[in-house]
Number of protein chains: 2
Amino acid sequence: MNTLAYGLLSLLTHVPLSGYDLTQRIQPFWPAKHSQIYPLLARLEKYGMVSCELVQQSDKPDKKVYSLQEKGFDALREWLTVPAAEPVMRDELMLKAFCVSYVEPAVSRDLFAARLEHYRAKLLRLEDKIRGVRQLANADEAETPPYDSPFFGPYIMLNKGLMVCRTNIEWCEWVLSIIPGGTSATADRKD
Amino acid sequence: MNTLAYGLLSLLTHVPLSGYDLTQRIQPFWPAKHSQIYPLLARLEKYGMVSCELVQQSDKPDKKVYSLQEKGFDALREWLTVPAAEPVMRDELMLKAFCVSYVEPAVSRDLFAARLEHYRAKLLRLEDKIRGVRQLANADEAETPPYDSPFFGPYIMLNKGLMVCRTNIEWCEWVLSIIPGGTSATADRKD
DNA sequence: TACTGCATGTAAACCGTTACATGATTCG
DNA sequence: CGAATCATGTAACGGTTTACATGCAGTA
């Protein structure tokens, strides 16, 4: 039972999902490839944490849909009582940023401009998703789903994503504004 | 040549360092244990990227001090021209947050309160560090070291750390404020 | 026709952590 | 006297990525 295993159980609390679906949905929180997910699901089934049902489809390949079992739910509740480990963040850009002074401004400019675009695109995706969650939860703009709602978790996580994403955009714009020789094409916006 | 290898070269641009020092300094940007660093440094020396000098010490154990070589510097410049890979973030709390609705508020409250403390402590460390860098760079409050300065890189990174840390604190406080049954002992501060 | 999405799996290689191993000095 | 810091290394294990493998349906 590693963290990824608990992550899969977490996603299965809301609704039964296939290995394929789980692989897509866990990406934002705990990136993992299907080659890691499929064997893990088999193990979770062997342990009785989840059950598996083969669903036949005509237009698409058949799939295995996993549901959380009582034993898995117990394991999850137990896991939730132990404090979360410190987050681990590995960002190549942070290493590159360390020695930008040693290359021409144009080179580092490209680096931060690319990252800025990445975050701007991510922000749009997140705003879209949060609209989706609010619709499902029947919540107005600026209204939060109640604690008991299954949308509470996704909602607070999406908000974290939004806040951090905006901060990163701000940071990229600031860095671009202090790298000399900017054409101000990407590094606009003075605050 | 993996990312960690380039990270070590990056740190060596400023000043020669021992494996022990490198292990300490790379933690905030690319967490790694000494067991990974020492063999990598030996490999980097074999490739001619760094040179190694044995420094004898009387009060402390002898150490190997590594310096960046021309070949390593070339590799680094080459590496800086390719766009940085997307950051990878793995946070157990995000997985736990997903299913907080399924446990009592007190349990999730502990989770976020602990994380809030973690970020508050981190913020203090960062503020301390940025004061140190500003002193070394002879910069006033709110003044940024010039692009050519070796302090430029560390300065922009520390600022990112600060900004993201503050955002995380804000988020934790917000989450604690919307979890029902709060004693407002840890979740104070209404904005 | 070629690519993308759906869907599942295995094997090899690589990355990262934990544990094993040693030994001096300094501080409480 | 025990713990922390400095300092370097290896071995085993577990986590993660990349590559191999297959196959159908819809779209450009």
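Note that the structure is a prediction, hence the values are computed from the model and not measured. Just so we're on the same page: letters track the sequence lines, and every chain starts at 1.
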Quiz item: Quick one: is dT8(D) close enough that its OP1 or OP2 comes under 4.0 Å of any side-chain N or O from Tyr38(B)?
Solution: yes
Quiz prompt | Distance test, side-chain N/O of Arg90(B) to OP1/OP2 of dG15(D), below 4.0 Å | solution = no
Quiz item: Parallel, tilted or perpendicular: which fits the ring planes of Trp171(B) and Phe112(B), with parallel below 30° and perpendicular above 60°?
Solution: perpendicular
Practice problem: Would you mind reading off the distance between Gln36(B) atom CD and dT16(D) atom C1', rounded to a whole angstrom? | Solution: 13 Å
Quiz item: Can you list, by residue number, the residues of residues 45-60 of chain A that have a non-hydrogen atom closer than 4.0 angstrom to DNA chain C?
Solution: Gln57(A), Lys60(A)
Exercise. May I ask whether Leu162(B) and Leu136(B) are part of the same hydrophobic cluster, defined by side-chain heavy atoms of I, L, V, M, F, W, Y residues being less than 4.5 angstrom apart, directly or through others?
Key: yes
Quiz item: Are Met1(A) and Leu95(B) connected, step by step, through hydrophobic side chains (Ile, Leu, Val, Met, Phe, Trp, Tyr) whose heavy atoms are closer than 4.5 Å?
Solution: yes
Quiz item: So do the side chains of Trp174(A) and Asn159(B) get within less than 4.5 Å of each other, counting heavy atoms only?
Solution: yes
Practice problem: Nearest whole angstrom, please: distance from the P of dT16(D) to the CD1 of Ile26(A). | Solution: 10 Å
Exercise. Would you kindly compare Tyr66(B) and Pro31(A) by the position of their nearest DNA chain D nucleotide and give the one closer to the 5′ end?
Key: Tyr66(B)
Self-check item: Partner residues of Glu45(B) under the salt bridge (charged side-chain N to carboxylate O under 4.0 Å, His left out) criterion, sequence neighbours left out
Solution: none
Quiz item: Are the side chain of His14(A) and the backbone N or O of Pro150(A) linked by a donor-acceptor pair below 3.5 Å?
Solution: yes
Quiz item: Using a cut-off of 4.0 Å on non-hydrogen atoms, how would the nucleic acid contact of Lys33(A) be classed: base, sugar-phosphate, or nothing?
Solution: base
Exercise. Measure up the Trp79(A) and Tyr6(A) rings against each other and bin them: parallel (under 30°), tilted (30 to 60°), perpendicular (over 60°).
Key: parallel
Self-check item: Rounded distance in Å - OH (Tyr20(A)) to C1' (dG23(D))
Solution: 14 Å
Quiz item: Is there a path of hydrophobic side-chain contacts, each under 4.5 Å between heavy atoms of I, L, V, M, F, W or Y residues, that connects Ile179(B) with Val133(A)?
Solution: yes
Quiz item: To the nearest angstrom, how far is Asp62(A) atom CG from dG23(D) atom P?
Solution: 14 Å
Quiz prompt | Pairing residues for Arg77(B) by the salt bridge (charged side-chain N to carboxylate O under 4.0 Å, His left out) criterion, not counting sequence neighbours | solution = Glu70(B), Asp74(B)
Quiz item: Looking across every strand, which nucleic acid part, if any, lies under 4.0 Å from Ala32(A) by heavy atom: base, sugar-phosphate, or nothing?
Solution: sugar-phosphate
Quiz item: In the hydrophobic clustering that connects Ile, Leu, Val, Met, Phe, Trp and Tyr at side-chain heavy-atom distances below 4.5 Å, which members other than Val164(A) occupy its cluster, ordered by chain and number?
Solution: none
Exercise. Mind grabbing the angle between the end helix axes of the helix from dT1(C)-dA28(D) to dG28(C)-dC1(D)? Five pairs an end, 10° rounding.
Key: 40°
Exercise. Verify the neighbour count for atom CD of Gln57(B): are there more than 12 heavy atoms of other residues, nucleotides or ligands below 6.0 Å?
Key: yes
Exercise. Walk along DNA chain C from 5' to 3' and tell me the first and last nucleotide with an atom closer than 4.0 Å to a non-hydrogen atom of chain B.
Key: dC15(C) to dT25(C)
Quiz item: Could you give the NE2-to-P distance, from His34(A) to dT22(D), as a whole number of Å?
Solution: 14 Å
Quiz prompt | Nearest-angstrom distance from the residue atom CD1 of Ile37(B) to C1' of dT8(D) | solution = 13 Å
